[in-house]
Amino acid sequence: MPKGTIIRAATYVSKQKTWLNISLDGLSHQTRSKLNFMLYITSDLLYANKDLNPQAPNYLTPVSEPAYIIPAPQRDNDAKTSPNWRTDLYPGKTSEYWDQVLPILRLTTDGYVEYYAHPTFQNSYLSSNDNPTASEKIAHYETSGNQTTIYYANHLDGFNDQKTGSNTDQQYKLTIENQKRVVTVNKRDANGTIFSTTSYGQFLIGGRPFHSLDYTDD
């Protein structure tokens, strides 16, 4: 990978050794295609033989995720067991059916905003062969309170972004508002017994409602 690429990672302890589980699912389609990486690949690396608070190996530098990254679903906020935090967003406030194929909005750790209008799989999982319907390199971003604004060069098809009047690579901007609100939906069988619970984080993207999934029991 190019030097400076940000990837998701989490440490865990097994057999008195500390391991680093790295994930490539946060990278853009463009980067993964160049490197011939599949989506949702993870690898376990030996981090330290004994010390449970080790220094990172010299080829890795611990950093925070970019501030524009969409927050992890509610269940995975501690991010201690796996780096595969599903931070994709889907149109609407909730998903009416679990097996719906919904469009996907992704903001990647290597600086892209991607929109997939027609994902391959049900449950809105991407295939490694899926190409984004629209993709823009994030040139700049600003955060204020619950709102993040990302800037890029060209109109992102399908979104209510705004022209900035700039002649640079920041000609358009898109606002992402985390409403800090979770809607929980219980599904019941014919006897009224709850058989699954799903929590949906609420977002506004250019004023349009989107949701994230918690996958509590679904």
Side-chain angles (χ1 to χ4, degrees), residues 5-10 22-32 39-40 42 63-95 100-117 119 121 123-126 130 132-152 156-162 172-185 198-216 218:
T5 300
I6 296 176
I7 56 174
R8 291 192 172 113
I22 65 171
S23 173
L24 306 176
D25 71 331
L27 296 177
S28 66
H29 179 272
Q30 179 169 324
T31 297
R32 286 185 288 100
L39 196 64
Y40 306 126
T42 63
V63 297
S64 298
E65 280 191 321
Y68 61 77
I69 291 293
I70 295 163
Q74 190 80 3
R75 176 173 58 86
D76 296 325
N77 276 348
D78 59 0
K80 293 179 180 178
T81 57
S82 171
N84 294 306
W85 309 299
R86 290 295 305 279
T87 58
D88 300 339
L89 293 184
Y90 313 90
K93 294 183 178 180
T94 63
S95 297
Q100 278 184 292
V101 181
L102 296 175
I104 298 173
L105 177 71
R106 313 184 81 223
L107 278 78
T108 70
T109 57
D110 57 333
Y112 284 83
V113 53
E114 299 179 331
Y115 182 59
Y116 296 79
F121 296 133
N123 308 340
S124 297
Y125 274 91
L126 290 175
D130 282 335
T133 309
S135 175
E136 287 294 323
K137 179 68 174 175
I138 298 172
H140 177 66
Y141 65 90
E142 299 170 347
T143 60
S144 177
N146 297 340
Q147 184 170 292
T148 297
T149 304
I150 58 174
Y151 296 78
Y152 41 82
L156 190 68
D157 192 29
F159 287 85
N160 184 27
D161 51 16
Q162 298 177 330
Y172 286 85
K173 65 179 181 180
L174 181 67
T175 58
I176 302 169
E177 181 182 337
N178 183 356
Q179 297 188 285
K180 300 283 188 175
R181 182 162 51 90
V182 176
V183 174
T184 300
V185 177
T198 304
S199 296
Y200 300 90
Q202 306 294 295
F203 295 81
L204 290 177
I205 313 294
R208 176 183 170 193
F210 275 72
H211 67 271
S212 64
L213 290 181
D214 176 28
Y215 301 118
T216 305
D218 252 337

Please list, chain by chain and in numerical order, all residues satisfying side-chain contact (heavy atoms from CB on, under 4.5 Å) with Thr31, sequence neighbours excluded.
Leu27, Ser28, Leu35, Asp110
Rounded to the nearest 0.5 Å, what separation is found between the CD atom of Gln179 and the CZ atom of Phe203?
9.0 Å
Under the rule for ring pair (Phe, Tyr, Trp, His ring centres under 6.0 Å), what residues qualify as partners of Tyr68, not counting sequence neighbours?
Tyr141
Could you report the tightest heavy-atom contact between Ile7 and Ser23, atom names first, then the distance?
CB-O, 3.7 Å
CA sep, side-chain torsions, deciding dist, call: His211, Lys93, side chain to side chain contact (heavy atoms under 4.5 Å, CB included):
CA-CA 5 Å; His211 67 271; Lys93 294 183 178 180; 5.7 Å; no
Quick one: side-chain contact (heavy atoms from CB on, under 4.5 Å) partners of Val183, sequence neighbours excluded?
Thr94, Arg181, Val185, Gln202
Residue pair Thr133 / Ala117: nearest heavy atoms and the distance that separates them:
OG1-N, 2.9 Å
Between Ile104 and Tyr90, is there a side-chain heavy-atom distance shorter than 4.5 Å?
yes
Test side chain to side chain contact (heavy atoms under 4.5 Å, CB included) on Phe210 and Leu204 and set out the steps.
CA-CA 6 Å; Phe210 275 72; Leu204 290 177; over 6 Å; no
Please name the pair of heavy atoms, one in Pro91 and one in Pro103, separated by the smallest distance, quoted to 0.1 Å.
CD-O, 3.2 Å
Calculate, to the nearest 0.5 Å, the distance between atoms CG and CD1 belonging to Leu89 and Ile70 respectively.
3.5 Å
Can you list the residues that meet the side-chain contact (heavy atoms from CB on, under 4.5 Å) rule with Leu156, with sequence neighbours excluded?
Val113, Ala134, Glu136, Tyr152, Phe159, Asp161, Leu174
Looking only at side chains, do Thr149 and Thr175 share a donor and an acceptor under 3.5 Å apart?
no
Asn160 vs Arg208, test: side chain to side chain contact (heavy atoms under 4.5 Å, CB included). Steps then yes/no.
CA-CA 8 Å; Asn160 184 27; Arg208 176 183 170 193; over 6 Å; no
Would you mind reporting whether Glu114 and Asp130 have side-chain heavy atoms less than 4.5 Å apart?
no
Non-neighbouring partners of Lys180 that pass side-chain contact (heavy atoms from CB on, under 4.5 Å), sequence neighbours left out
Asn146, Asn178
Quickly, which of Gln30, His29, Arg106 forms a side chain to side chain donor-acceptor pair (under 3.5 Å) with Tyr112? Name it, please.
Gln30
Under the side chain to side chain contact (heavy atoms under 4.5 Å, CB included) criterion, do Leu107 and Thr148 qualify, and how do the steps go?
CA-CA 12 Å; Leu107 278 78; Thr148 297; 6.0 Å; no
Identify, with sequence neighbours excluded, every residue that meets salt bridge (charged side-chain N to carboxylate O under 4.0 Å, His left out) alongside Glu177.
none
In Å, rounded to the nearest 0.5 Å, how long is the span from OH of Tyr115 to OG of Ser135?
14.0 Å
